[in-house]
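Remarks on the structure that follows.
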Amino acid sequence: MAQSPSGRETPTALRNRLLIPALVALVAGIGGFGLGLTHDDTVTALGALLFLPSAALLFGIVAKRHGVGPLRRSNRRSD
């Protein structure tokens with residue numbers, strides 16, 4: 001049975017220093033993609049998409065370290 005995360009885990013995860021570069025990468029990716037689309041610049045739009053996997057990876061690291069969401073640690077052992 002999975003345990004629900006306590007109220008302390010989420011605020012602790014929000015204070016992690018890895019969230020700053022994750023948010024910067026996310027904003028750069030979305031902003032650059034939008035800028036490329038509005039200026040009809042395909043290379044800029046596609047290049048900006050390269051920031052999104054970095055942002056997802058950093059958010060995943062934070063979630064795994066703090067056991068938030070589907071990435072939380074399980075106490076069960078596999079056989």
Side-chain angles (χ1 to χ4, degrees):
M1 217 185 266
Q3 297 176 0
S4 63
S6 68
R8 291 182 183 176
E9 291 176 354
T10 303
T12 304
L14 293 177
R15 283 185 260 139
N16 194 320
R17 290 181 186 227
L18 281 177
L19 286 178
I20 294 170
L23 288 173
V24 169
L26 183 65
V27 168
I30 293 172
F33 183 73
L35 182 73
L37 288 180
T38 58
H39 287 54
D40 292 328
D41 188 2
T42 308
V43 175
T44 301
L46 292 177
L49 289 177
L50 294 174
F51 283 94
L52 298 180
S54 299
L57 183 64
L58 288 169
F59 281 122
I61 290 170
V62 171
K64 188 168 185 172
R65 281 186 181 177
H66 294 283
V68 177
L71 300 174
R72 73 177 158 251
R73 295 179 186 135
S74 175
N75 292 336
R76 293 186 298 163
R77 300 178 90 191
S78 60
D79 293 330

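Owing to the predicted nature of the structure, the values given are computational and were not obtained by experimental measurement.
From Phe59, atom CZ reaches atom CG of Leu19 across 6.0 Å, with rounding to the nearest 0.5 Å. Distance check: Leu58 CG to Ile20 CD1 gives 11.5 Å after rounding to the nearest 0.5 Å.
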Under 3.5 Å, sequence neighbours excluded: what are the donor-acceptor pairs made by side chains of residues 27-38?
from	atom 1	to	atom 2	distance (Å)
Thr38	OG1	Gly34	O	3.2
Thr38	OG1	Leu35	O	3.0

Tell me which donor-acceptor pairs under 3.5 Å the side chains of residues 42-54 have, and how far apart each pair is, sequence neighbours excluded?
from	atom 1	to	atom 2	distance (Å)
Thr44	OG1	Asp41	OD2	2.4

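Under a hydrophobic-cluster definition in which Ile, Leu, Val, Met, Phe, Trp and Tyr are linked whenever side-chain heavy atoms come within less than 4.5 Å, directly or via other members, Leu18 and Leu26 are assigned to the same cluster.
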